[in-house]
**Q** 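After the structure tokens below, expect a handful of questions from me.
These values consider heavy atoms only, across backbone and side chains, with no hydrogens, waters or symmetry-generated copies. Here is how names work: the chains are called A, B, and so on, in the same order as the sequence lines, proteins then strands, and each is numbered from 1.
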2 protein chains.
Amino acid sequence: MALPNETQRGTSQSLKALLGLRDLVYSGEVAPGERLTEISVSERLGLSRTPVRAALARLGREGILEAIPSGGYAVRTFTAADVHDAIELRGVLEGTAARLAAERGVSCSDIDAFKAIVRRLDTIVGTTPAELDFSAYVSANAQFHDMLAVLSGSKVLQREIEHVLHLPFAGPSAFLNAQTDMPEFRTSLISGQAQHRAIAHAIEMREGARAEAVAREHARLARLNLDVVIRDSALAERVPGLRLVSG
Amino acid sequence: MALPNETQRGTSQSLKALLGLRDLVYSGEVAPGERLTEISVSERLGLSRTPVRAALARLGREGILEAIPSGGYAVRTFTAADVHDAIELRGVLEGTAARLAAERGVSCSDIDAFKAIVRRLDTIVGTTPAELDFSAYVSANAQFHDMLAVLSGSKVLQREIEHVLHLPFAGPSAFLNAQTDMPEFRTSLISGQAQHRAIAHAIEMREGARAEAVAREHARLARLNLDVVIRDSALAERVPGLRLVSG
DNA sequence: GCACTACAGATTGTATACAAGCTCTTGTCA
DNA sequence: TGACAAGAGCTTGTATACAATCTGTAGTGC
């Protein structure tokens with residue numbers, strides 16, 4: 001089984017172990033702080049120890065699991081402060097990506113593609129709340145953030161941003177699905193879109209400081225959303241892994 | 001073998017595989033771009049495939065190796081731009097650490113300990129070039145940068161900084177040992193130390209913006225040093241893994 | 001001469017057997 | 001009654017056998 005890239009590598013069992021274990025954690029099937037041994041996980045997932053071992057090590061380095069001194073791993077619990085910090089960190093890194101893109105300049109075709117994503121977001125956000133295509137927004141939003149990392153022109157930075165996005169709740173759309181029916185949601189959508197436009201404009205105008213500042217502030221929206229969600233335990237249920245938070 | 005923390009885990013063979021493989025790469029024993037298979041590495045190191053496999057996967061995620069589509073890994077080659085970006089990234093993250101430390105405030109005992117490190121660096125740098133205790137400088141400098149990450153008060157950021165320091169040549173003392181006898185070295189040491197003092201002062205005075213700006217600029221010293229080293233191939237020999245750069 | 005197919009070799013994926021050590025419990029002795 | 005020691009069980013570390021498949025090459029047919 002010589003399989004191509006890292007995502008495909010381990011078509012069957014390894015991938016099953018990784019996704020299965022991640023799901024076990026995020027779904028709350030294993031309690032935060034609960035101990036996970038290679039054997040118990042392999043029995044739960046119906047796999048042998050080898051792929052499970054790899055998955056445990058990987059999630060351990062991703063930060064979702066924590067190595068226990070006496071052996072095995074524990075589901076890590078996060079405090080609200082940890083989530084705040086993760087979001088702040090994303091803001092800093094995306095701000096750097098925006099600044100580098102502005103400073104170093106991007107090609108016409110790249111900036112055009114970027115602006116096309118912004119326009120698509122414009123039309124999605126421009127509809128009435130009732131007919132908002134939510135999944136289209138999440139998808140286009142993810143594209144915007146992906147492309148921002150690419151525009152930085154730095155593979156190193158791109159890789160690091162991807163790494164931070166693996167941290168729980170740091171993603172740009174992490175808390176959105178809990179809030180589709182809240183009034184705050186609509187306003188945060190609108191101001192977020194204004195920031196998207198400002199970032200694209202600043203990059204095009206090669207205004208590095210502005211691009212960085214706006215991108216940083218943009219991440220703060222997620223912090224606001226987090227605070228809203230945390231205050232309302234009914235909403236918290238709808239965010240996949242919020243069970244891991246608070247400890 | 002239920003061994004405690006992550007560094008100890010795998011006392012014998014796993015650690016041997018990790019260190020051995022890392023050494024194989026940094027020493028230039030395997031050429032940049034050369035293909036590494038589990039079997040060839042395990043034969044070279046005299047280990048079985050299992051620990052080698054783990055080491056390959058780990059270095060792959062650290063960024064030193066690169067997965068080959070047809071299977072196996074290749075020693076990754078870095079461009080000077082990659083190294084520049086890695087250093088820039090360290091500056092951004094350490095700048096954030098300094099800003100957070102300033103904004104959130106640090107305890108008296110912490111700031112005292114931090115200033116003690118700065119004073120130690122002062123005395124080391126204050127000597128004549130001839131009697132400079134080089135290894136003491138490297139050690140105290142590492143302590144300064146470690147503690148800066150701790151002072152941020154953010155485990156998430158601390159972890160991320162540690163992650164970036166694993167990138168080749170991103171460390172704060174990466175290029176120093178190539179330059180002990182150069183005049184540029186002395187000036188960069190002196191201005192670097194001025195920046196250390198300024199960072200500590202800014203944190204104490206809770207001047208977040210200043211702390212961030214100085215810490216960022218501080219990382220730029222490493223970029224200057226890199227440029228000096230790269231221009232002089234004789235110096236490049238003395239930096240362990242500079243063979244990986246330029247491609 | 002070119003293209004397609006089939007086979008062989010190489011390489012990773014997976015499972016499992018065995019080794020080693022840590023922890024916890026239980027029993028005994030002072 | 002308390003403390004220490006010994007042993008059992010659990011858990012991970014390591015090695016290896018076997019499976020699956022991908023790549024490259026060679027041969028044949030059109």
**Q** Over how many whole Å does the gap from B/Leu36 atom CG to C/dT12 atom P extend?
**A**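 Going from B/Leu36 (CG) to C/dT12 (P), I get 10 Å.
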**Q** Using 30° and 60° as the class boundaries, would you call the ring planes of B/Phe144 and B/His218 parallel, tilted or perpendicular?
**A**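 Rings of B/Phe144 and B/His218: perpendicular, over 60°.
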**Q** Do you know the tightest heavy-atom contact between B/Leu148 and B/Phe114?
**A** N-CE1, 4.0 Å
**Q** Rounded to whole Å, how long is the line connecting atom CD of A/Glu38 with atom C1' of D/dT12?
**A**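 A/Glu38 atom CD is separated from D/dT12 atom C1' by 6 Å.
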**Q** If I take atom CZ in residue B/Arg49 and atom P in nucleotide D/dA15, what distance separates them, rounded to the nearest angstrom?
**A** 12 Å
**Q** Let me know the distance between CD1 of A/Ile39 and P of C/dA15, rounded to the nearest Å.
**A**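 Distance, rounded to whole Å: 15 Å.
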**Q** Send over the distance from A/Ile68 CD1 to D/dT11 P, rounded to a whole Å.
**A**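 So the two atoms are 11 Å apart, to the nearest Å.
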**Q** When you measure only distances, ignoring hydrogens and angles, does the side chain of A/Arg53 come within 3.5 Å of the base of D/dG13 through a donor and an acceptor?
**A** no
**Q** Are any of B/Ser14's side-chain N or O atoms less than 4.0 Å away from OP1 or OP2 of D/dT14?
**A**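 Yes, B/Ser14 has a side-chain N/O under 4.0 Å of OP1/OP2 on D/dT14.
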**Q** Report which part of the nucleic acid B/Thr50 touches: base, sugar-phosphate, or nothing (heavy-atom distance under 4.0 Å, all strands).
**A** base
**Q** Given atom OH of A/Tyr73 and atom C1' of D/dT12, what is their separation to the nearest angstrom?
**A** 10 Å
**Q** Under 4.5 Å between any side-chain heavy atoms of A/Thr77 and A/Leu244, yes or no?
**A**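 No - every pair of side-chain heavy atoms lies 4.5 Å or more apart.
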**Q** In terms of heavy-atom contacts, does CD of A/Glu34 have more than 12 from other residues, nucleotides or ligands at under 6.0 Å?
**A**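 Enclosed: over 12 neighbouring heavy atoms sit under 6.0 Å from CD of A/Glu34.
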**Q** Provide, to the nearest angstrom, the distance between the NZ atom belonging to A/Lys16 and the P atom belonging to C/dT14.
**A**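 Atom NZ in A/Lys16 sits about 9 Å away from atom P in C/dT14.
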**Q** How many Å lie between CD on A/Gln13 and C1' on C/dT12, as a whole number?
**A**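 From A/Gln13 CD to C/dT12 C1': 14 Å.
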